[in-house]
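All remarks here apply to the structure that follows.
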Amino acid sequence: MATPLSDTSLSPLKTIAVVGLGTMGTGITEVLAKAGRTVVGIDVSEAATAQAVAALESSTARSVERERLTEQERAELLARVRTSTDLRAAADADLVIEVAPESYEIKHQIFRDLDGIVRPETILATGTNALSVTRLAADSARPERVLGLHFFNPAPAMKLVEVVSSVLTAPQAVTAVTDLAVELGKEPVAVGDRPGFVADGLLFGYLNQAAAMYEAKYASREDIDAAMRLGCGLPMGPLALLDLIGVDTARTVLDAMYAESRDRLHAPAPILKQLSEAGLTGRKSGRGFYTYEAPGSSTVVRDALTPLEGAQLAQGRTVRSVGVAGSGTMASGIAEVFAKAGYKVVLAARSEEKAQIAKARIGKSLARSVDKGRMTAEAAARTLELITPAGSYDAFADVDLAVEAIAEDLEVKQQLFGTLDKVCKPGAVLATTTSSLPVVACARATSRPQDVIGMHFFNPAPAMKLVEVVRTVLTADDVHATVREVCANIRKHAVDCGDRAGFIVNALLFPYLNNAIKMVEEHYATLDDIDAAMKLGGGYPMGPFELLDVVGLDVSLAIEKVLHREFRDPGLAPAPLLEHLVAAGCLGRKTGRGFREYARR
């Protein structure tokens, strides 16, 4: 019979047992010992306990070298840790943190054995990121004392800890481990029990889609990873991250998520199963999506899939002058990029006045660069002189490349391409900067669809390094080669992809954002907790709701609708909350209110 909880029954969490001394268990042990806790590290393998002690000695020695610890503090820290291969060593623990392999059978056996070893008031925490805490708790003699405590790897460095409650968990137990997490210098986030919790629940759906995108041969592994690093500011690309996490681990998490959600976005991509069953599990095996110098190494080495450096594309066309159509922020940013690279630029808008305003905006941007010491006043003046404003697209008669950066409306773009077809000289390359519309639809509005390609710049264009180069089934090889050469000349990183909704970045980014909104709709977690989880646990520069408010909820909804219409996947249907906010005029920072409220300037 379970011991009833009272407010006074919780002991201070001073002695803590860590069961499972792999990388995560060893990291958690170090965090606890540094915070003054007595730690009992337990593993069935003597080799694992010895390796954990050696890792602790090594990491603390580095801390002394870096003057983060004194020799005496190091000695005291190591003295607070003892190891054992017998689970009975946890008998005096106030808290047991289990970080054994992700298997119900293994974890159930540990919890059953602990029931006969620890005191009735001892809290039992599982470090799972994929399995049901409720299911583990239900078979325990004290389910009210069982919860989830999900650290992130590497535990000493990562600030996020997800505190996972089941319907059986006592509030006092949650409070005790939450307080402990704060004392450890971590930022705890309270979440309910579902596979993946917040951070992994959002992260693994995105990783799965990236694996499926690669499997479909839509883009190369290098281009998918570069697109997400440069387009979203992520510390790692999704395929490299899958290799770091472990392809087999990712498959296990996704299997658990799909079993609960039945969302096709969580159904593991077949390539994850194929790699896992072949033993190609990522860095730990020396090969996954990439090939590594040795098992456990982070150094990527060439393999049969590595693109050849300096591989010759078709001979490109000569580009000396560029026309940029539009007068908004994107158009002026693109014009600035080309002018900085020494191209003559014609900046054309629907009126001379709009074009002049756009050029003035570029002048202010260049002046800021001068103020920050990024360029000289003379270089800024030369750059501005290369830009000629025009009130008519007739000014594009002699340009070698015309780049459209007008409203994201297919009819409007098609009309413009019809005009460019008439105005631009034979052999001129015609490019659209669309982020979500079919490039081929713009191409078909001309009599020369072979000359049309997508060049998707990211905002702000002068700062963002990425350009998605979008070939249609009609784009000529030399047009593709021309745009790749131009991207190199303007110092942008070009990635190749086909002509389908969202290209690489938006196709992976917006389903993730949509799933974050669904978490809030379902009252699973708060905006603040989700944003904190993704920044602290996933290394994202912005949380999903911060990003949605910056991008604009109307823009986000439009992209979601395009993705849903093209792929016809129910999981991509825009979250109703997003539709309601847009209908109410709450569009994000630009209106002063989106998911959050902002002070009006």
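Since we're looking at a predicted model, the values are computed, not measured.
Distance alone, capped at 3.5 Å, places no donor-acceptor pair between the D115 side chain and the S140 backbone. Remark: side-chain polar atoms of D243 are not paired, donor with acceptor, to backbone N or O of R283 under 3.5 angstrom. R251 places no side-chain N or O within donor-acceptor distance of the main-chain N or O of S276, the cut-off being under 3.5 Å. Y104 places no side-chain N or O within donor-acceptor distance of the main-chain N or O of R135, the cut-off being under 3.5 Å. With hydrogens and angles ignored, the 3.5 Å screen pairs a side-chain donor or acceptor of N208 with a backbone N or O of A269. Side-chain atoms of E187 do not come within 3.5 Å of backbone N or O of K159 as any donor-acceptor pair. Proximity of a side-chain donor or acceptor of T26 to a complementary backbone N or O of T23 within less than 3.5 Å is not detected. Without hydrogens or angle criteria, E293 side chain to T299 main chain gives no donor-acceptor distance under 3.5 Å. With K34 contributing its side chain and L184 its backbone, the two residues share no donor-acceptor pair below 3.5 Å. No donor-acceptor pair closer than 3.5 Å links the side chain of D193 to the backbone N or O of S165.
In this structure, the side chains of L587 and R593 stay at 4.5 Å or more apart for every pair of heavy atoms. Put simply, the side chain of L536 does not reach to within 4.5 Å of the side chain of F152, judged on heavy atoms. Contact check for L131 versus P195: no side-chain heavy atoms found under the 4.5 Å cut-off. Between L32 and I97, the closest side-chain pair of non-hydrogen atoms falls below 4.5 Å. At a threshold of 4.5 Å between non-hydrogen side-chain atoms, the residues I530 and T526 do not count as touching. Inter-residue side-chain proximity for L147 and V177 is flagged as met; some heavy-atom pair is nearer than 4.5 Å. In this structure, the side chains of V81 and L56 come closer than 4.5 Å at one or more pairs of heavy atoms. Looking only at side-chain heavy atoms (C-beta outward), I517 and F595 come within less than 4.5 Å of each other.
A salt bridge links D94 to R119: one of the charged nitrogens lies within less than 4.0 Å of a carboxylate oxygen. Using a cut-off of 4.0 Å between Lys/Arg side-chain N and Asp/Glu carboxylate O, E522 and K518 are scored as not salt-bridged. Between D531 and R596 there is a salt bridge, with a side-chain nitrogen of the basic residue lying less than 4.0 Å from a carboxylate oxygen of the acidic one. Under a 4.0 Å N-O distance rule, the pair R37/E183 qualifies as a salt bridge.
Using the six-membered ring where Trp is involved, Y206 and Y540 have ring planes that are perpendicular, over 60° apart on the 30 and 60° scheme.
Of the listed residues (L95, V96, D92), just one forms a side chain to side chain contact (heavy atoms under 4.5 Å, CB included) with V118, and that residue is V96. Considering T29, I28, L180, V40 in turn, L180 is the only one that fulfils the side chain to side chain contact (heavy atoms under 4.5 Å, CB included) rule with I16.
Residues passing the side chain to side chain donor-acceptor pair (under 3.5 Å) test with K284 are D248, sequence neighbours excluded. In this view, T126 and E98, K107, F111, T128, V133, L136 satisfy the side-chain contact (heavy atoms from CB on, under 4.5 Å) rule, not counting sequence neighbours.
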*Yes or no on side-chain contact (heavy atoms from CB on, under 4.5 Å) for M228 and M236, after CA distance, side-chain angles and deciding distance?*
CA-CA 8 Å; M228 297 314 291; M236 293 183 78; over 6 Å; no
*Report the C-alpha distance between Q72 and E76 in whole Å, list the side-chain angles of each, state the deciding distance to 0.1 Å, and finish with yes or no for side-chain hydrogen bond (donor to acceptor under 3.5 Å, both in side chains).*
CA-CA 6 Å; Q72 183 177 343; E76 291 170 355; 3.1 Å; yes
_Test log, rule side-chain contact (heavy atoms from CB on, under 4.5 Å), inputs V19 and V99_ = CA-CA 6 Å; V19 180; V99 275; over 6 Å; no
_CA sep, side-chain torsions, deciding dist, call: R74, T70, side-chain hydrogen bond (donor to acceptor under 3.5 Å, both in side chains)_ = CA-CA 6 Å; R74 176 179 183 248; T70 64; over 6 Å; no
*Could you walk me through whether T60 and L78 pass the side-chain contact (heavy atoms from CB on, under 4.5 Å) test, one step at a time?*
CA-CA 8 Å; T60 52; L78 292 172; 4.1 Å; yes
_For D225 and Y290: C-alpha separation, side-chain torsions, deciding distance, then whether side-chain hydrogen bond (donor to acceptor under 3.5 Å, both in side chains) applies._
CA-CA 11 Å; D225 280 354; Y290 295 89; 2.7 Å; yes
_Evaluate T249 against T281 for side-chain contact (heavy atoms from CB on, under 4.5 Å), listing each step before the verdict._
CA-CA 8 Å; T249 301; T281 53; over 6 Å; no
*Please report the C-alpha distance between E546 and K535 in whole Å, then the side-chain angles of each, then the deciding distance to 0.1 Å, and finally whether the salt bridge (charged side-chain N to carboxylate O under 4.0 Å, His left out) criterion is met.*
CA-CA 11 Å; E546 289 178 88; K535 287 192 289 185; 3.0 Å; yes
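The two atoms that bring A573 and N514 nearest to each other are O-ND2, 2.9 Å, heavy atoms only. Looking at every heavy atom in both residues, P295 comes nearest to S285 through CG-O, 3.8 Å. Taking all atoms of both residues into account, the shortest heavy-atom contact from M158 to G537 is CE-O, 3.5 Å. Between R68 and E73, the shortest heavy-atom contact is O-OE1, 4.4 Å. Across all non-hydrogen atoms, the minimal contact from A227 to V505 is O-CG2, 3.5 Å. Among all heavy-atom pairs drawn from L265 and G571, the shortest one is CD1-O, 3.7 Å.
Within the structure, side-chain hydrogen bond (donor to acceptor under 3.5 Å, both in side chains) contacts touching residues 149-158 (residues at least two apart or in different chains) are H150-E162. For residues 262-274, the side-chain hydrogen bond (donor to acceptor under 3.5 Å, both in side chains) pairs, not counting sequence neighbours, are S261-H266. For residues 80-91, the side-chain hydrogen bond (donor to acceptor under 3.5 Å, both in side chains) pairs, not counting sequence neighbours, are D86-R88. The side-chain hydrogen bond (donor to acceptor under 3.5 Å, both in side chains) analysis of residues 40-56, with sequence neighbours excluded, yields no pairs.
Y292 does not carry R287 over the face of its six-membered ring by the limits of under 6.0 Å from the centre and within 45° of the normal.
Remark: I245 CD1 to L207 CG distance equals 5.0 Å, nearest 0.5 Å. Rounding to the nearest 0.5 Å gives a distance of 8.0 Å between CZ of R194 and CE of M257. The OG1 atom of T291 sits 7.5 Å away from the CG atom of L305 when rounded to the nearest 0.5 Å. Between the CD atom in E277 and the CG atom in L280 there is a gap of 11.0 Å [rounded to 0.5 Å]. Atoms CG and OH, on L203 and Y512 in that order, are 8.5 Å from each other to the nearest 0.5 Å. Rounding to the nearest 0.5 Å gives a distance of 11.5 Å between CG of D554 and CG of L581.
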